[in-house]
Amino acid sequence: MDFSKVRSVLFFTLLIVVTIAFLVLFKPFFYPLFWAAVIASIFYPLFQKLKKRLKFPRLSALIIMLLVLVIIVVPVAGVGSLLVKESIGLYNSIDSNSAQINDSIQSTLSWLQNHPYIQKLGINQAEWVQKFSDIARVVSAYIFNGLKDFTQNSVVFLGMLVLMFYALYYFLIDGARFLRLAMHLCPLGDKHEKMLYDKFTATALATIKSSLLVGVIQGFLSTIVFIVAGLQGAVILGVITVALCVLPIGSGFIWGPTGIYLLITGRIWEGLLVLIFGVLVISTIDNLLRPLLVGQQAKIHPLLVLFSTLGGIAFFGITGFLIGPIITALLVSLWEMYDDYYKQDLDRN
């Protein structure tokens, strides 16, 4: 019996089993660790400059963490509070004005029934009043459940945020050492390992920058259509739209309920304007611009960016808008490595 082979098989079996167990232990903390790694990779050049000037790595890391808090966390918290405030106002408005909403719907339908062209459609007023009332209840229940879930998840989110900052501190301090160790253990070669790391950081930065730009454009357009529709708090709703597009939860979570609310309160043309403009213009901008911007900066085909973003969101949730393109970018890099390794054989065929 060849004991050296037995020892090798036993060692690698134990290594795989323990590694899988380790990953299972860390699975609940994947998202804070992932975002800590992304933020650390983006801010690492600035950390290096601060460390070189201040001569104190820990102080430099704390400054970067404070900067991240001011740039990212504080605005998100502010927009979150605005979203809760607007949602509570909308919920209370629907809940307290249900009788007025029914009257507005009935008067609108009566006007429509008297129109010579619409009379031919045979509109059943009672049936449509009931449908709009059902829509109002669905929107109201959706807002209420959303507020309840947001409140319940805020404690978990706060805990994950603390873990993210804790991991970010050590990724900044020891990130270069971690990377050197990983490159030493990985058998791909330093050239290709650095290619994977560069692809990761480039794709992450391109995705975040493009999300911010697309979010600003969608927020601006949403504000314009809300002002035209005569909505109070149009600017606030536009700011919330920017934040939801950057996350990206999606602008439809703002203009969709807003348009439905306008319809069920009897403001028909305003509601139709918001809904039609939202579907044809605001949402289309996201689907067109985001893949193009990410594709150009990360050097990935826009078609791959679009489907990897949608697939990432479907599989990983909100964070998938970043994980999906990163996975695709790493896959593209691996195929480029394959082409580099076997270029002569591939050209010969």
Side-chain angles (χ1 to χ4, degrees), residues 5-44 47 61 65 68 72-73 153 155-208 247-248 298 300 304-305 307-338 341:
K5 289 185 178 179
V6 173
R7 188 163 49 245
S8 297
V9 171
L10 180 61
F11 169 76
F12 282 107
T13 302
L14 287 172
L15 179 63
I16 292 170
V17 169
V18 174
T19 302
I20 292 173
F22 174 81
L23 293 175
V24 170
L25 286 175
F26 272 67
K27 183 182 177 182
F29 313 109
F30 169 77
Y31 290 117
L33 289 172
F34 172 79
W35 278 106
V38 169
I39 294 172
S41 65
I42 292 173
F43 283 90
Y44 195 75
F47 168 74
M65 291 170 66
V68 170
I72 300 176
V73 178
N153 294 331
V155 177
V156 177
F157 175 77
L158 184 61
M160 291 296 184
L161 190 64
V162 172
L163 290 175
M164 189 206 77
F165 272 99
Y166 187 78
L168 175 61
Y169 175 80
Y170 284 105
F171 282 169
L172 290 171
I173 295 292
D174 300 319
R177 185 163 59 88
F178 291 158
L179 186 61
R180 284 195 300 269
L181 179 61
M183 292 174 68
H184 172 72
L185 295 175
C186 186
L188 291 176
D190 290 351
K191 170 189 171 184
H192 296 114
E193 290 154 8
K194 189 175 185 306
M195 182 192 300
L196 288 175
Y197 174 76
D198 291 341
K199 203 71 170 179
F200 172 87
T201 55
T203 305
L205 185 59
T207 304
I208 292 173
L247 286 176
I300 311 173
L304 290 176
V305 175
F307 284 102
S308 63
T309 301
L310 296 176
I313 293 172
F315 193 81
F316 295 102
I318 294 174
T319 307
F321 87 98
L322 185 58
I323 298 177
I326 285 176
I327 291 174
T328 302
L330 295 178
L331 177 64
V332 170
S333 296
L334 288 171
W335 278 111
E336 289 174 355
M337 290 180 200
Y338 170 81
Y341 278 133

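Contact annotation: the side chain of Ile323 approaches that of Tyr31 to within less than 4.5 Å [non-hydrogen atoms, C-beta and beyond]. Within the 4.5 Å cutoff, side-chain heavy atoms of Val68 are placed close to those of Phe165. Residues Leu322 and Trp35 form a side-chain contact, since some pair of their non-hydrogen atoms from C-beta on lies under 4.5 Å apart. Taking the side chain as every heavy atom from C-beta outward, Ile208 and Val38 approach each other to under 4.5 Å.
A side-chain donor-acceptor contact under 3.5 Å links Ser308 to the backbone of Val305.
Atom-to-atom distance recorded for Thr201:OG1 and Ile326:CD1 is 9.0 Å, nearest 0.5 angstrom. Distance CG/Leu168 to CG/Leu33: 11.0 Å, rounded to 0.5 Å. Taking CD1 of Ile327 as the reference point, atom CZ of Phe315 lies at 8.5 Å (rounded to 0.5 Å). Atom CZ of Phe307 sits about 7.0 Å away from atom CG of Leu310, to the nearest 0.5 Å.
Between Phe26 and Phe29, the angle of the ring planes goes over 60°, which puts this pair in the perpendicular group of the 30/60° scheme.
Among all heavy-atom pairs drawn from Ala37 and Phe200, the shortest one is O-CE2, 4.5 Å. The minimum heavy-atom distance between Ile173 and Ala61, with the atom names listed, is CD1-CB, 3.8 Å. Across all their heavy atoms, Pro32 and Met164 have their closest contact at O-CG, 3.3 Å. The two residues Pro325 and Thr309 come nearest to each other via the heavy atoms CG-OG1, 3.5 Å.
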Pairs of donor and acceptor atoms involving the side chains of residues 11-21, under 3.5 Å and at least two apart or interchain, shall be tabulated with distances.
unit_1, atom_1, unit_2, atom_2, d
Thr13, OG1, Val9, O, 2.6
Thr19, OG1, Leu15, O, 2.6

